[in-house]
Amino acid sequence: MNGRTSASGACLALFDSIHHVLTAERAFKERSLPVDLGPVPQVLRADCGMALEFRGEDWEAALALLVSLAHPCTSIHTKRGASYERLWPE
Amino acid sequence: MSGGGAYLDHAATSGWRPASVADAMRGALEIGANPGRSGHRRSLAAVRVVAEARERVASFIGARDSATVAFTKNATESINVVLQGFLREGDRVAAGVFEHNAVMRPLRHMERTRRIEILDVPGGADAPVDVAALEGMLSRAAGSIRLVSLAWASNVTGRIVPVREAGEVCRRYGAFLLVDAAQSAGLLPIDVERDFVDALAVTGHKALHGPQGIGALWVRDPAAIEPMVRGGTGSRSDSEEHPEFAPDRFEAGTLNLPGIAGMDAGVRWVQEQGCVALLDRQRAMWSALRARLSGVPGLRVHGDGPVAEQLPIVSFTLDGRDPGEIARSLDARGICCRAGLQCAARAHATLGTRDSGGTIRWSLGPTMTLEEIELAVDALEAIAAEAP
């Protein structure tokens, strides 16, 4: 995947479909990984969808989970000031 | 049934629904938001209703990936999505001899517009599908039959088709198996993996006891089916191209949230009761009914089989009498049933009843009592004794 073991601040995982977001959310909860859902920031995608938010300190476990799903996330970002940095894929 | 009558039309739509169905529908309406269209909490609450229902339907039919379940308005729409989205110009299709018009009408349309060839799955009134003959047919076709369509159970006779055996044969010869489970879902356990099904159509309002106007489609490989309707999905809104991923691929436009919530409650009720227990009880009623009907002078039952191969449906005629007139007389005595061809001309052609007005169909449900059966048969006997 990549060499990162953690990320600072909250991470946002984006998916193709809200159905995939909710499937991922359930997987996080089953593994007791803290998770939240919120609107996709418009600077990331001109969309009306939802993103999955997780803690940067859970990066390793979260990334392993996110890429193993039947419908994996398409990208992961974190907020840097007024913009977003893409963490995955690098 | 209140009012001293009997409802014997559960194959048309369930005459009874658990209270949880209306409660769930009311709850969905009270959310007051569009599922998956906005980022606010009410929209999220709405989409959670959809997600929960999708997971439940997936587990109910044995689907590994709930994204392969799409909500439709009924089994007919689900069937149309598959037939119109899968079949190409000149394809060969084999259809069961008891198929509903939900299958036959789109196929006949494509016979004209796409020049598909429609073959009969070997079978007849006594054995709806001859699996050995089907294997011979697929073997001789050498891969040229792309799709086989089977109703899991006839809506006219209730006779169950051996889907797993037929599915195993279809899989071996590379034919796509579409199964219409409109009548059977809620009574026969479904496992799409075990049963070699490639696409499954269900409706919410029959033996799943949900509301009308909601159904579901499961497809093994969504990419193999072109969507029938394209439009807004709440995903990839920046693109004017319809998304290719499921379930969005098959769910353009705002979903029927109250219907989905109601269907979910119906499926949950069926899961709590258990398909086997529900069917066992209704088969006991069917056996009692069948025994009483055998004593009615001039009555002929069409296409039924051993109780282990039956849904709780019986189709019959009275010698020399118009089925529609019999049904009208029954209605006057508080007995609700359906007469005629039941949207299944092909099934009646197989039974030999197509050109004689069809049959009178009695179909049972979960609240049926022996008293209602006695009442209905007493009424039928009285009508039979009257001069035509």
Side-chain angles (χ1 to χ4, degrees), chain A residues 9-55 62 64-79 82-84 86 88-89, chain B residues 33-59 63-71 216-218 220-223 227 231-252 254-255 257 260:
Chain A
C11 300
L12 284 180
L14 272 53
F15 294 79
D16 280 332
S17 165
I18 182 64
H19 171 80
H20 305 163
V21 177
L22 293 176
T23 303
E25 183 198 32
R26 194 176 62 162
F28 269 68
K29 288 182 174 174
E30 285 171 357
R31 288 159 183 78
S32 300
L33 288 170
V35 67
D36 200 4
L37 303 186
V40 175
Q42 292 300 303
V43 293
L44 291 179
R45 187 188 287 174
D47 201 351
C48 43
M50 302 288 287
L52 180 145
E53 188 176 315
F54 62 92
R55 301 185 310 185
L65 178 57
L66 287 167
V67 299
S68 70
L69 296 167
H71 304 282
C73 68
T74 55
S75 62
I76 304 173
H77 309 258
T78 192
K79 195 164 187 183
S83 62
Y84 284 82
R86 191 167 81 177
W88 185 90
Chain B
N34 197 328
R37 292 300 192 270
S38 312
H40 54 74
R41 67 190 66 192
R42 283 169 59 173
S43 177
L44 186 55
V47 81
R48 286 192 192 285
V49 171
V50 177
E52 191 172 325
R54 201 187 305 279
E55 291 290 340
R56 193 180 315 282
V57 171
S59 76
R64 291 182 186 141
D65 178 4
S66 60
T68 53
V69 173
F71 289 105
L217 165 67
W218 171 81
R220 181 176 302 283
D221 178 13
T233 57
S235 53
R236 296 282 175 85
S237 294
D238 54 331
S239 172
E240 292 187 353
E241 295 296 330
H242 193 68
E244 295 185 351
F245 46 83
D248 306 40
R249 183 178 180 83
F250 302 119
E251 290 184 343
T254 294
L255 291 169
L257 183 66
I260 290 169

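As the structure is a computational prediction, the values presented were derived from the model and not from experiment. Here is how names work: the chains are called A, B, and so on, in the same order as the sequence lines, proteins then strands, and each is numbered from 1.
In this structure, A:Gln42 CD and B:Asp238 CG are separated by 9.5 Å, a value rounded to the nearest 0.5 Å. Residue B:Ser235 holds its OG atom at 8.5 Å from CZ of A:Arg45, rounded to the nearest 0.5 Å.
With respect to chain A, the highest number of heavy-atom pairs below 4.5 Å among B:Thr233, B:Val50, B:Asp65 belongs to B:Asp65. Interface summary for chain B: among A:Leu37, A:Ile18, A:Asp16, the most heavy-atom pairs under 4.5 angstrom belong to A:Asp16.
For B:Arg41, there are no salt bridge (charged side-chain N to carboxylate O under 4.0 Å, His left out) partners two or more places apart in sequence or in a different chain. Partners of A:His77 by ring pair (Phe, Tyr, Trp, His ring centres under 6.0 Å), not counting sequence neighbours: none found.
Residues from residues 244-252 of chain B that place a non-hydrogen atom less than 4.5 Å from a non-hydrogen atom of chain A comprise B:Phe245, B:Ala246, B:Pro247, B:Asp248, given in numerical order. Contact annotation for residues 25-34 of chain A against chain B (heavy-atom separation below 4.5 Å, listed by residue number): A:Glu25, A:Arg26.
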Between A:Leu22 and B:Glu52, does the side chain to side chain contact (heavy atoms under 4.5 Å, CB included) criterion hold? Intermediate values first, please. CA-CA 9 Å; A:Leu22 293 176; B:Glu52 191 172 325; over 6 Å; no
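B:Arg54 touches chain A through its side chain: at least one heavy atom from C-beta onward sits under 4.5 Å away, while N, CA, C and O do not.
Contact between A:Met50 and B:Ser38 at its shortest, heavy atoms only, is SD-O, 3.8 Å.
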